[in-house]
Amino acid sequence: MIEEKFDAIVVGAGMAGNAAAYTMASRGLKVLQLERGEYAGSKNVQGAIMYASMLEKIIPDFREDAPLERHVIEQRFWMMDDRGHSAMQYRSDDFNEDKPNRYTIVRAQFDKWFNRKVREAGATVLTETTVTGLLIDSTGKCVGVKTDRAGGVVQADVVVLAEGVNGLLGTRAGLREPPKAGQVALAVKEMHFLPAETIESRFNIKGDEGVVIEAVGTITKGMTGMGFLYTNKESISLGVGCLISDYAETRESPYDLLETFKTHPSIAPLLEGSECKEYAAHLIPEGGFKAIPQLYGDGWVVVGDAAQLNNAIHREGSNLAMTSGRLAGEAIHRLKAGRQAPTKENLKLYKELLDESFVMKDLKKYKDMPALLHTNSANFFMSYPQLVSQAAQNFLRVDGTPKIEREKATSRAFIEKRSRLGMVSDAVKLALAWR
Ligand SMILES: Cc1cc2nc3c(=O)[nH]c(=O)nc-3n(C[C@H](O)[C@H](O)[C@H](O)COP(=O)(O)OP(=O)(O)OC[C@H]3O[C@@H](n4cnc5c(N)ncnc54)[C@H](O)[C@@H]3O)c2cc1C
């Protein structure tokens, strides 16, 4: 047993853990942060877009030295079929502002930087240390953690669980159910390296400008999921993610999906000549509001992916992780400053702060979307992308067929595939879930 007692122990040095540890340490709390990886970021995989406003609330001048790749000026949403894609895209010079709103990052570098800030703020950080269990006293209160280091039991007033989506510690301690297969996506991702000038000419960008592509359609073979491609300075991150329950049902392999995505006629030219140097797989919590577990208890709080705080509709996770980590840190600091014990009753403050924030408001807004997409995945992720592609071809091909015949062919295809009632019902369900 390590004799020293801490105000707080933070398990994990990802986005949520770093935000929580920094918030508490910079306010003078005695913080121990434990990370199983060789260094912060070594276990982390992310596409990755980082949202500046949420980091600004923690480290306002982060732009001075954070390892940022490109600021995003253009977002492309693709609906793909096997041969092409229909697109909606938005590009604006407004995104070339003094303090850009979104950046691509490489997590291995970014987390390392963020964790350095945590150390500089005064926290003790131990890497290559796995927390193996929570220390629970006879009253059921969490009073510290057990680690895989010799004699590695450490005590603290409160433990912040920022252990990521698997959440094994919380599950083992009976604080929450293990995530269900229908609420978690498995994403496989690669990093493809190209010279900066090649990326800039291929994506029509200059300097530090960046482009993001997010794609749904036949690439996920009717499963709930999507593909993504983000431009970094000298690399492209791309990947595909689908719900685990869908993989189990279809027996599709994530690697095959990624291969299909990479060799798709719309994607392959963007990667041509690149060298793939990194491959990784990671889970993403996608159950939304209804999957959020109990967020606090006697001596503990849970933040970030471990708390299922992920907005799959907007593909936001790191900003919810940073915000929940920060709010947990602020709540714990307020209790400490007011000499209030971190009991379940008092730690409710964290949940109250979270409820007031965009995190819970956004997740609540989309509370019915995960189930809707899951139960209608064949329509939303297969039939409609194919139909839209067919409609685009009918509209654009010029071969002497009268336009009226082409329009009738488009309507017929939609009705045969989904029926009028089916389409109205899909539209109504979508509108209701989007409210
Ligand atoms: C492929 C992919 C692409 C994504 N793209 C985006 C994106 O573009 N934008 C976005 O906002 N979000 C994105 N996300 C989601 C985002 O990555 C997560 O929401 C975010 O990383 C959650 O942060 P976290 O700190 O909760 O968890 P994590 O970042 O997973 O960190 C958890 C940390 O805890 C450590 N840990 C776990 N167990 C223990 C233990 N027992 N002891 C010690 N340490 C432990 C892990 O090693 C890890 O470092 C993406 C996710 C994936 C998988």
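When a ligand or atom number is given, it counts from 1 through the structure's own listing order.
- Among the atoms of Gly317, some N or O lies under 3.5 angstrom from an N or O of ligand 1.
- At a heavy-atom distance under 4.0 Å, no atom of Ala40 approaches ligand 1.
- A heavy-atom distance below 4.5 Å is not found between the side chains of Glu4 and Val154.
- Residue Tyr230 approaches ligand 1 through these ligand atoms, each under 4.0 Å from one of its heavy atoms: 8 (O).
- At under 3.5 Å, a nitrogen or oxygen of Arg36, whether backbone or side chain, sits near a nitrogen or oxygen of ligand 1.
- Classification of Asp368 and Lys290 as a salt-bridged pair holds, one side-chain N sitting under 4.0 Å from a carboxylate O.
- Tyr39 carries Lys112 over the face of its six-membered ring, with the cationic atom under 6.0 Å from the centre and within 45° of the normal.
- Gln75 and Arg102 are linked by a side-chain donor-acceptor pair at a separation below 3.5 angstrom, with hydrogens and angles left out of the test.
- Looking at Asn310 and Glu316, their side chains never bring a donor and an acceptor atom within 3.5 Å of each other.
- Side chains of His71 and Asn96: a donor on one and an acceptor on the other come within 3.5 Å.
- Remark: ligand 1 atoms within the under-4.0 Å shell around heavy atoms of Leu34 are 43 (C), 44 (N).
- Closest heavy-atom approach to atom 31 (O) of ligand 1 among the candidates Gly14, Gly241, Gly12, Ala20: Gly14.
- Of all atoms in ligand 1, listed by their number and element, those nearer than 4.0 Å to a heavy atom of Gly164 are 27 (O), 30 (O), 32 (C).
- The residue Asn166 has no part lying near ligand 1, judged by heavy-atom distances below 4.0 Å.
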Check your understanding: Could you walk me through whether Arg76 and Glu74 pass the salt bridge (Lys or Arg N to Asp or Glu O under 4.0 Å) check?
Key -> CA-CA 7 Å; Arg76 304 177 187 171; Glu74 181 177 328; 2.6 Å; yes

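- Remark: ligand 1 atoms within the under-4.0 Å shell around heavy atoms of Ala48 are 8 (O).
- Near Asn310, meaning under 4.0 Å from one of its heavy atoms, ligand 1 places the atoms 15 (C), 19 (O).
- Geometric assessment of Arg315 against the ring of Phe228 yields a negative cation-pi assignment under the 6.0 Å and 45° thresholds.
- Counting heavy atoms under 4.0 Å from ligand 1, residue Arg107 touches it through the side chain alone.
- Remark: Arg27 pairs with Glu330 by the salt bridge (Lys or Arg N to Asp or Glu O under 4.0 Å) rule, at least two apart or across chains.
- Considering both main-chain and side-chain atoms, Ile284 never comes within under 3.5 Å of ligand 1 through any nitrogen or oxygen pair.
- By the side-chain contact (heavy atoms from CB on, under 4.5 Å) test, Ala13 is found to be paired with Asn18, Gln33, Glu35, Ala40, Asn115, residues two or more places apart in sequence or in another chain being considered.
- Short contacts between ligand 1 and Ala162, defined as distances under 4.0 Å to a heavy atom of the residue, involve ligand atoms 32 (C), 33 (C), 34 (O).
- Not a single N or O atom of Gly304, backbone or side chain, sits closer than 3.5 Å to an N or O atom of ligand 1.
- Short contacts between ligand 1 and Thr130, defined as distances under 4.0 Å to a heavy atom of the residue, involve ligand atoms 41 (N), 42 (N).
- Seen from the ring of Tyr22, Lys117 does not count as a face-on cation partner, given the 6.0 Å and 45° thresholds.
- Residue-level proximity to ligand 1 for Thr129 is carried by the backbone, the only part with a heavy atom below 4.0 angstrom.
- Distances from atom 47 (O) of ligand 1 to the heavy atoms of Glu35, Arg315, Met15 put Glu35 nearest.
- Considering backbone and side-chain atoms together, Asp305 places an N or O closer than 3.5 Å to an N or O of ligand 1.
- Aromatic ring pairs are classed by plane angle as parallel below 30°, tilted from 30° to 60° and perpendicular above 60°; the pair His314 and Trp434 is tilted.
- Set against the non-hydrogen atoms of Ile49, the atoms of ligand 1 under 4.0 Å away are 7 (C), 8 (O), 9 (N), 10 (C), 11 (O).
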Review point. Does the pair Val188 and Tyr279 meet the rule for a side-chain contact (heavy atoms from CB on, under 4.5 Å), with working shown?
Key: CA-CA 8 Å; Val188 285; Tyr279 176 88; 3.3 Å; yes

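- Of the candidates Val131, Val10, Asn319, the one placing a heavy atom closest to atom 42 (N) of ligand 1 is Val131.
- Proximity of Ala187 to ligand 1, defined as any heavy-atom pair under 4.0 Å, is confined to the side chain (atoms from C-beta onward).
- Only the side chain of Ala321 comes within 4.0 Å of ligand 1, counting heavy atoms alone; its backbone N, CA, C and O stay farther away.
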